[in-house]
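First up is the structure itself, then whatever we jot down about it.
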Amino acid sequence: MNDRYNGKETWEEWRKEWALEDRYNFKTIEKKWQAIWDKEQAYKVEIDKNKEKFYALVEFPYPSGAGLHVGHPRSYTALDVISRKKRMQGFNVLYPMGFDAFGLPAENYAIKTGVHPAVSTKENIANFTRQLKSLGFSFDWDRCISTCDPEYYKWTQWMFIKFFEKGLAYKDKIAINWCPSCKVGLANEEVVNGHCERCGAEVVRKNKEQWMIAITKYADRLIDDLNDLDFIERVKSQQVNWIGRSEGAELDFELTDKDGNALDGKKMTVFTTRPDTTFGVTYMVLAPEHEFVQAYMSRFENPQEVQDYVEATAKKSDLQRNMSDDKTGVELKGVKAKNPYTGDLIPVFISDYVLTGYGTGAVMGMPGHDQRDYDFAKKFGLPIISILEGVDISEKAGEGDAPHINSGFLNGLKNDEAMKAAIAYAVEHGFGKSKVNFKLRDWVFSRQRYWGEPIPMVYCEHCGWQPIPESELPLTLPEVPDYHPNDEGESPLSKAGDWLWTKCPKCGAKARRETDTMPNWAGSSWYFLRYCDPHNSEAFASKEALDYWMNVDWYNGGMEHTTLHLLYSRFWHKFLHDCGLVPTKEPYNRRTSHGMILAENGEKMSKSRGNVINPDDIVAAYGADTFRLYEMFIGPFEQVAMWSDESLMGVYRFVNKIYGLFKKVADIEPTKDDLRAMHKCILEVTERVDQLKLNTAVSSLMTYVNYLSGLEKVSAELYLNLLKMLSPFTPHLAEEMWARMGKDTLIVAESWPVGDKTLAEDNVVTMAVQICGKLRGTIDVAKGMPQAEIEKLALSLDNVKRQLDGKEIRKIIVVPNKIVNIVA
RNA sequence: GCGAGCGUGGUGAAAUUGGUAGACACGCCAGACUUAGGAUCUGGUGCCGCAAGGUUUGAGAGUUCGAGUCUCUCCGCUCGCACCA
């Protein structure tokens with residue numbers, strides 16, 4: 001009995017049976033081959049040093065209760081196509097799948113229903129796995145991981161301790177974004193337009209002790225190392241943008257009373273990207289939260305006014321702060337700042353357009369050449385000076401690279417030189433230095449949540465924060481009576497009785513465990529490493545496995561993850577590299593991003609709109625192969641695409657056509673034309689898959705199938721090669737027809753056909769004949785025809801003669817095999 | 001405002017990177033076989049025109065023998081960041 005022969009002993013016996021079918025029965029065919037791949041472990045992969053490795057990675061999904069979305073298979077199929085082709089080309093391909101299984105939805109569901117998140121997550125993972133398997137992806141399921149598995153998060157915790165040991169993880173009381181509805185602190189990245197990304201409630205500021213990770217220490221490298229990577233441009237630019245490096249200088253302004261007497265020797269440092277414009281500075285502004293304001297309140301002449309403004313600002317959310325076009329502020333009366341370049345005394349203000357978290361929280365106002373300062377100066381009647389020659393500042397702040405004026409020793413210098421000279425002067429006189437600032441802040445790593453990795457730290461009265469010993473890892477999630485945060489906003493883990501209290505690993509005194517959990521970015525920051533060696537209990541992955549498999553050769557994922565996940569995981573990887581734990585400084589060689597799939601009317605698919613397409617329904621109605629092929633054909637991979645049932649039908653027809661073509665297959669020699677069509681197709685498909693032009697790779701296949709359909713009989717050689725090329729796209733159908741052709745191997749293990757350029761070329765080419773660049777006719781020309789003959793042929797065309805009538809030919813340009821252009 | 005990208009038929013889109021614009025597919029039209037099925041097959045299909053022919057890649061200019069492709073100006077759209085000094 002043989003599975004591939006549908007239970008018959010021999011191919012001949014099976015053949016008698018299928019002769020009765022004339023429709024493509026995808027339901028039985030797809031199930032059949034999925035079972036055979038499973039049984040024969042067709043996609044299991046091990047280290048094989050004799051073969052070149054290829055590591056293809058797709059972002060692992062969060063196993064939501066809604067199941068797979070049609071967007072997931074777009075990414076998974078694309079890299080499945082690439083993986084399958086690479087495998088056929090002799091590469092040792094690692095293409096793994098897993099689950100990013102910690103997260104809010106499971107916890108919210110638990111709060112609502114009381115079902116433990118581990119239980120619902122497990123069910124969801126089972127459902128996802130079923131769906132993924134129904135699509136025939138060539139994942140090595142033996143390597144499947146889940147971030148909520150203690151065997152996995154043991155290592156996430158272990159790595160956190162490494163961050164702590166290296167001084168990169170620290171606790172700090174900071175104003176965090178606080179969602180009053182979720183009772184949870186949010187990273188800046190989780191705040192969308194001032195609202196909680198999850199629940200939509202307006203985010204407020206709240207001071208809390210949080211674990212932080214010092215990602216800013218890697219800011220420079222996270223930008224600079226992008227240069228060597230093959231990431232698409234918009235991904236790179238978004239990373240650079242997010243990190244937001246700006247180069248400038250810090251300058252100290254001495255503070256005085258209103259008569260110019262030094263104020264306790266106090267200096268105020270500002271950050272500026274334009275130290276060369278300092279001669280145009282007419283005032284200074286501090287963030288309302290600046291520590292100076294409270295410390296020197298009693299020295300101001302208008303403390304009540306100042307305090308009122310500070311309080312009004314505190315009530316504003318970031319959103320309100322951003323939205324106000326109008327500049328507001330209050331002068332700190334009785335205080336002046338001394339411009340270190342000119343010695344001028346300038347007024348000092350507080351205003352909410354200056355942010356406390358960026359730079360020094362203080363800026364010098366140079367209204368002539370900065371629009372925000374210009375607006376502020378207009379509002380408060382402050383002088384506006386131009387220090388750039390010929391730049392108009394009557395309507396708005398002036399820009400441009402021009403010789404400086406009104407600028408003392410900088411006069412006549414242009415921007416760059418003036419900048420250098422200004423900094424050199426500041427350094428020489430000890431009031432400034434060059435400085436690089438970043439928008440990127442350290443990573444807020446605490447969540448007041450249950451369903452995440454426990455942070456493996458304990459607090460001891462005597463010894464402070466201590467990591468738990470490695471032998472106690474994993475620190476598993478305790479059971480809790482309910483999943484609500486407590487009223488102080490502490491995580492549900494604070495309700496975990498016995499678990500909460502332990503001994504200090506250092507002095508043995510009673511100590512309390514950290515009750516916050518890690519953000520869901522934690523587990524996804526290093527999962528690609530675990531895939532290399534997923535069952536290792538001694539290490540997160542062996543050195544041998546990492547040396548062999550890393551880097552990820554090709555990583556595909558959604559644009560929504562190009563700032564956060566990509567940045568975090570690159571940072572995390574770099575840190576491990578610095579610790580000597582991974583061999584490479586960057587994890588991903590190539591990053592691509594698939595476009596979203598929208599509903600037919602161009603709207604986003606969402607439950608509330610009721611326009612969600614369930615992959616299960618498509619697979620049931622048309623089969624996985626049609627579904628896969630359609631998603632590849634839908635449009636350029638990196639662009640958004642609109643779902644269309646009608647286009648899907650077209651692909652379904654095509655798949656049936658391939659099935660139907662089998663009846664024409666005969667044991668005959670291919671003709672020259674046949675071979676030309678075949679080699680052309682091979683060359684095109686091979687190249688287009690490598691370039692991720694999957695939609696046009698599919699059209700090449702369609703063109704070839706159209707050609708074959710027009711033949712009386714199809715040579716077996718042609719059909720077999722067609723099946724090989726189809727197998728990455730429609731693996732089930734390809735296996736089935738391969739078996740029907742009498743093959744007892746798996747097509748997935750066959751070799752990829754090699755195209756021959758010479759055989760793909762026609763020996764007669766059609767050349768365009770143009771007059772002054774306008775098409776006037778075509779000529780069929782044998783390859784290698786001498787230029788003079790081509791010209792003669794072109795000139796003999798009736799339409800050409802007519803067009804040239806009475807005109808003098810000045811020049812004839814012949815581009816071999818392409819075009820003849822007659823200039824008259 | 002800053003950064004990235006895009007603009008081609010009724011629709012989704014191709015174009016070997018400067019060389020016959022519209023491949024492939026959807027839709028539509030006509031026909032065939034059938035006789036209600038979201039079946040299959042054949043032919044046609046950018047626009048104007050009966051035709052010869054003309055004309056066409058958001059608008060305009062430029063470079064070139066030749067521009068969808070390169071350069072400049074303008075218009076429009078999408079995404080990301082956004083009072084980041």
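The sequence lines fix the lettering, A, B, ..., with proteins before strands; numbering per chain opens at 1.
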* To do: Step by step, work out the side-chain hydrogen bond (donor to acceptor under 3.5 Å, both in side chains) result for A/Lys811 and A/Asn821.
  => CA-CA 8 Å; A/Lys811 201 169 160 191; A/Asn821 193 12; over 6 Å; no

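Contact annotation for A/Arg776: backbone-only contact, meaning every heavy-atom pair under 4.0 Å involves sugar-phosphate atoms and none involves a base. Note on A/Asp645: nothing from the nucleic acid sits closer than 4.0 angstrom, heavy atoms only. Contact annotation for A/Arg810: no contact, since no heavy-atom pair falls under 4.0 Å across all strands. No contact: A/Ile822 has no heavy atom under 4.0 Å from any strand. Base engagement by A/Phe633 is indicated by at least one non-hydrogen atom pair under 4.0 Å involving a base atom. Nucleic acid contact class of A/Thr766 (heavy atoms, under 4.0 Å, all strands): base. Residue contacts shown for A/Thr778 include a base, since a base heavy atom lies under 4.0 Å away. When heavy atoms are screened at a 4.0 angstrom cut-off, A/Asn706 is found touching the sugar-phosphate backbone but no base atom. Within the nucleic acid shown, A/Tyr622 comes within 4.0 Å of at least one base atom, counting heavy atoms only. Within the nucleic acid shown, A/Gly635 has no heavy atom closer than 4.0 Å to any nucleic acid atom. As judged by a 4.0 angstrom heavy-atom cut-off over every strand, A/Val823 is placed among residues touching the sugar-phosphate backbone only. Contacts of A/Val651 with the nucleic acid, taken as non-hydrogen atoms under 4.0 Å apart, are absent.
A side chain to side chain contact (heavy atoms under 4.5 Å, CB included) with A/Met767 holds for exactly one of A/Asn817, A/Ile790, A/Val815, A/Ile819; it is A/Ile790.
Using C1' as the reference atom, B/G9 and B/G68 are 14 Å apart when rounded to the nearest Å. Straight-line distance between the P atoms of B/C6 and B/G58: roughly 13 Å, to the nearest whole Å. Between the P atoms of B/U45 and B/G10, the separation comes to 16 Å (whole Å). Taking the C1' atom of each, B/G12 and B/C65 are spaced 36 Å apart, rounded to whole Å. Comparing B/A30 with B/G22, their P atoms are spaced 26 Å from each other, to the whole Å. Spacing between B/U64 and B/A59 at atom P, rounded to whole Å, works out to 23 Å. With both ends at atom P, the span from B/G7 to B/A85 equals 32 Å, rounded to whole Å.
Each of A/Lys811 and A/Asp370 was assigned the nucleotide of RNA chain B with the nearest heavy atom; the assignment lying further toward the 5' end belongs to A/Lys811. When each of A/Gln238 and A/Glu687 is assigned the nucleotide of RNA chain B with its nearest heavy atom, A/Glu687 is the one assigned upstream, toward the 5' end.
For the 3.5 Å distance criterion, the side chains of A/Thr766 and A/Asp780 qualify, holding a donor opposite an acceptor.
Between A/Arg653 and B/C26, a side-chain N or O to OP1/OP2 separation shorter than 4.0 Å is present. Remark: A/Ser246 is in phosphate contact with B/A85, judged by side-chain N or O atoms under 4.0 Å from OP1 or OP2. Within the structure, a side-chain polar atom (N or O) of A/Tyr358 is placed less than 4.0 Å from OP1 or OP2 of B/A85. Proximity of A/Asn695 to the phosphate of B/C24: no side-chain N or O atom is located under 4.0 Å from OP1 or OP2. Dashed line: the shortest gap from a side-chain N or O of A/Gln639 to OP1 or OP2 of B/A13 is under 4.0 Å. Residue A/Lys693 places at least one side-chain N or O under 4.0 Å from the OP1 or OP2 atom of B/A15.
In this structure, B/G80 and B/C2 make a Watson-Crick or G-U wobble pair, each of the two defining distances being under 3.5 angstrom. Base pairing of B/C26 is made with B/G10, judged by Watson-Crick or G-U wobble geometry with both donor-acceptor distances under 3.5 Å. When Watson-Crick and G-U wobble pairs are counted only if both distances are under 3.5 Å, B/A21 pairs with no nucleotide at all.
Of all the heavy atoms in A/Val820 and A/Ala794, the pair that sits closest is CG1-CB, 4.0 Å. Contact between A/Asp645 and A/Trp643 at its shortest, heavy atoms only, is OD1-NE1, 3.0 Å.
For B/U20, the O4'-C1' to base torsion is more than 90° from 0; the nucleotide is therefore anti. B/G58 has its base anti relative to the sugar, with a glycosidic angle deviating from 0 by more than 90°.
By the 4.5 Å heavy-atom criterion applied to side chains, A/Arg245 and A/Asp220 are counted as neighbours.
Within 3.5 Å, no donor on the side chain of A/Lys439 pairs with an acceptor on the base of B/C81, nor the reverse.
The aromatic ring centres of A/Tyr630 and A/Tyr622 sit 6.0 Å or more apart.
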